[in-house]
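In what follows, a single structure is set out as structure tokens and then discussed.
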Amino acid sequence: MKVFLNKIHVFYMIMFGGVFTIIAVSCSDDIYNDSEFVAGETFTNSTIRLLLIDTLTVSTSTMKFDSIATSVSTRILTGKYTDTVFGTITASSYMQFLPASYTIDSDAKFDSLVMVLGYDQYYYNDTLQKNTIHIKKINENLKPISDDYFYNTSSIGYEEADLGILEYYPRPLAGDSITIKLIDDFGSDVFTQLQDKNIVNSDEYRDYFKGIGILPDETDNGSIIGFSKSSENTYMRLYFSTDTADDNIQEYIDVQINAATSPLPFFNKIIADDPITPLQSLTDSKTNLASSDSNNQSYIESGIGIAMRIQFPHIGSLYDIPGNGTILDGVLKIKPVAQSYNNNLKLRDTLAVYVVDQNNELVETLTSTYYAILNRENQEFNDIYYEISLAYFLEELQLKDRDIDDALILLPIDYNSSVDRFIMSGNGNGENETILELTYGIYDED
């Protein structure tokens, strides 16, 4: 037997009518409760030996996707903050707008044009710091260059002059929205184009006004805030009034995010500048940064596309154990690095698990049973970890029903709509390592 199977606990079990019952224990002083396992015909009338293995090699590394499609993001992201590991994270958003109506009474007078951004309750990092929003006028057609998507690395041209600017303290949980007054020259021109019927449909409006960018200030170091894409919560509102003999009537037209055009004229640009040296080596998606080359850690950052990568290169060594066997259970435990998270840089309760091939091409999303779930039972002792049940996946690897070069990666479920970051304990330092706990059943042993 190879060295990576050198730590096992052994149980002997006998089949009684399709149910396993433990009758003896060796190689361990631990006391175990009676357990029952429902077995198939393969186990009938067999003596079963259970091995609990927790030293099977787990290979951990970090990879980075070349880009992430953010035109399908569920929210607008804007803000900026500096992280000691991942660098300076900047999120800006670009979108196209269309009026709900193209008719304004000839007697109406322009009042103002404002931008309303409705919070969607997502935020990341320190909301006690002041944020800045710059509203810019896009000067290029908001269409993807090569396919139907914009990406976190996409760019679009815009005019340097601000249409509007606001310094504010984010209140994503306590407030409904923020309002930014846009300059009167721009608002008045929009009003005039509609009132004079120079613009009467969406095509003409898109030619006239290609869209806006929502950008943080270069000096900001606070938080990244999520705003709603819903037309009920985020819009430009054009106010105007009409004098009558008896009153002054206030009216408005909402100019809403264009959600009807395909490809969708929207995307979040998310970039990370000057991360730590090991992360700078992730120059393409085929590069794997071994945990042993990165402080015995692996990294995750949504929005940027950095993912923890996990492989089980020696799963086939289970065949070295005498007798016929099967994987009955397999739990992977991954510990976040202590003090790498806090109230601003929070841990998610759940991470999604994906499968990539040897070139880090996405193969599939594992089903909901394969989510990485944060176990906080011993949080007061700083003993928390993500755990993933992987019995079926591991058995596919062992039986070669799945390519042995396939790997798992971890990312937040909304990785294209968030900027959450995580630092995980990898393998290589002998402490707090990522561990695979296997329950392996041996039957018909020679």
Side-chain angles (χ1 to χ4, degrees), residues 53 56-70 72 149 151-152 282 284-291 294 297-319 326-336 348-374 385-418 420-422 424-427 433-440:
I53 305 167
L56 190 72
T57 301
V58 180
S59 176
T60 58
S61 59
T62 303
M63 58 84 61
K64 180 183 178 183
F65 289 102
D66 293 331
S67 58
I68 289 178
T70 58
V72 294
Y149 299 99
Y151 298 87
N152 67 303
L282 297 174
D284 62 67
S285 62
K286 294 182 181 180
T287 300
N288 295 323
L289 172 64
S291 297
S294 55
Q297 297 171 351
S298 294
Y299 306 93
I300 301 171
E301 186 174 26
S302 59
I304 301 297
I306 296 175
M308 182 178 187
R309 192 177 191 273
I310 305 160
Q311 277 189 291
F312 310 95
H314 301 305
I315 193 70
S317 66
L318 294 175
Y319 287 120
T326 188
I327 296 173
L328 297 177
D329 195 14
V331 177
L332 185 68
K333 295 183 177 180
I334 308 167
K335 288 191 175 184
R348 294 280 191 100
D349 288 335
T350 305
L351 295 174
V353 184
Y354 302 89
V355 181
V356 294
D357 63 18
Q358 61 183 341
N359 296 317
N360 289 331
E361 295 287 339
L362 194 63
V363 175
E364 64 180 290
T365 304
L366 293 185
T367 62
S368 59
T369 56
Y370 288 100
Y371 285 138
I373 307 298
L374 188 61
Y385 55 87
Y386 286 95
E387 56 183 344
I388 316 169
S389 296
L390 289 174
Y392 185 70
F393 176 82
L394 294 169
E395 187 163 24
E396 284 187 323
L397 286 177
Q398 183 201 10
L399 298 175
K400 298 184 179 179
D401 292 337
R402 176 183 290 279
D403 194 324
I404 193 64
D405 290 325
D406 281 357
L408 303 178
I409 63 168
L410 301 184
L411 278 170
I413 297 169
D414 58 348
Y415 64 87
N416 60 6
S417 303
S418 62
D420 296 42
R421 41 77 91 203
F422 308 79
M424 302 296 205
S425 295
N427 284 339
E433 293 194 346
T434 295
I435 295 175
L436 176 63
E437 296 180 349
L438 278 182
T439 304
Y440 192 67

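Model, not experiment: these values are computed from the prediction. Values below: all heavy atoms of this structure, side chains included; hydrogens, waters and symmetry mates excluded. Position 1 is the first residue of the sequence; numbering continues from there.
Looking only at side-chain heavy atoms (C-beta outward), I300 and L411 come within less than 4.5 Å of each other. Between Y386 and F422, some side-chain heavy-atom pair lies under the 4.5 Å cut-off. Contact check for L408 versus L390: side-chain heavy atoms found under the 4.5 Å cut-off. Between S291 and N427, every side-chain heavy-atom pair lies at or beyond the 4.5 Å cut-off. Considering only heavy atoms from C-beta on, I388 comes within 4.5 Å of I334 through its side chain. Within the 4.5 Å cutoff, the side chain of I404 has heavy atoms near those of the I315 side chain. With contacts defined as side-chain heavy-atom distances shorter than 4.5 Å, the pair Y371/I413 qualifies. Counting heavy atoms from C-beta on, the side chains of S294 and Y299 come closer than 4.5 Å.
The shortest heavy-atom contact between L56 and S317 is CD1-OG, 3.6 Å.
Side-chain atoms of S298 do not come within 3.5 Å of backbone N or O of M424 as any donor-acceptor pair.
Taking the side chain to side chain donor-acceptor pair (under 3.5 Å) definition, one finds that Y149 meets it with nothing, sequence neighbours left out. For D329, there are no salt bridge (Lys or Arg N to Asp or Glu O under 4.0 Å) partners two or more places apart in sequence or in a different chain. Qualifying side chain to side chain contact (heavy atoms under 4.5 Å, CB included) partners for I68, counting only residues two or more places apart in sequence or in other chains: T70, N152, Y415, N416. Residues forming a salt bridge (Lys or Arg N to Asp or Glu O under 4.0 Å) with E395 (at least two apart in sequence, or on another chain): none. For E387, there are no salt bridge (Lys or Arg N to Asp or Glu O under 4.0 Å) partners two or more places apart in sequence or in a different chain. Evaluation of the side chain to side chain donor-acceptor pair (under 3.5 Å) rule for Y354 yields no partner, not counting sequence neighbours. Looking at residues two or more places apart in sequence or on another chain, you find a side chain to side chain donor-acceptor pair (under 3.5 Å) between D284 and T287. For S417, the side chain to side chain donor-acceptor pair (under 3.5 Å) test picks out S73, T74, with sequence neighbours left out. Listed by chain and residue number, R75, R348 satisfy the salt bridge (Lys or Arg N to Asp or Glu O under 4.0 Å) test with D414 (two or more places apart in sequence, or in another chain).
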Distance-only criterion, 3.5 Å: show the donor-acceptor pairs between side-chain atoms of residues 305-312 and protein atoms not counting sequence neighbours.
{"from": "R309", "atom 1": "NE", "to": "N360", "atom 2": "OD1", "distance (Å)": "2.6"}
{"from": "R309", "atom 1": "NH1", "to": "Q311", "atom 2": "OE1", "distance (Å)": "3.0"}
{"from": "R309", "atom 1": "NH2", "to": "D357", "atom 2": "O", "distance (Å)": "3.3"}
{"from": "R309", "atom 1": "NH2", "to": "N360", "atom 2": "OD1", "distance (Å)": "3.4"}
{"from": "Q311", "atom 1": "NE2", "to": "D405", "atom 2": "O", "distance (Å)": "3.1"}

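The pair E301-R421 does not count as a salt bridge, with every side-chain nitrogen at least 4.0 angstrom from each carboxylate oxygen.
Of the listed residues (V58, L394, L438), just one forms a side-chain contact (heavy atoms from CB on, under 4.5 Å) with L332, and that residue is V58.
Under 3.5 Å, the side chains of S418 and S302 contain a donor-acceptor pair of N or O atoms.
Atom OH of Y392 sits in a sparse spot, with 12 or fewer heavy atoms from other residues, nucleotides or ligands closer than 6.0 Å.
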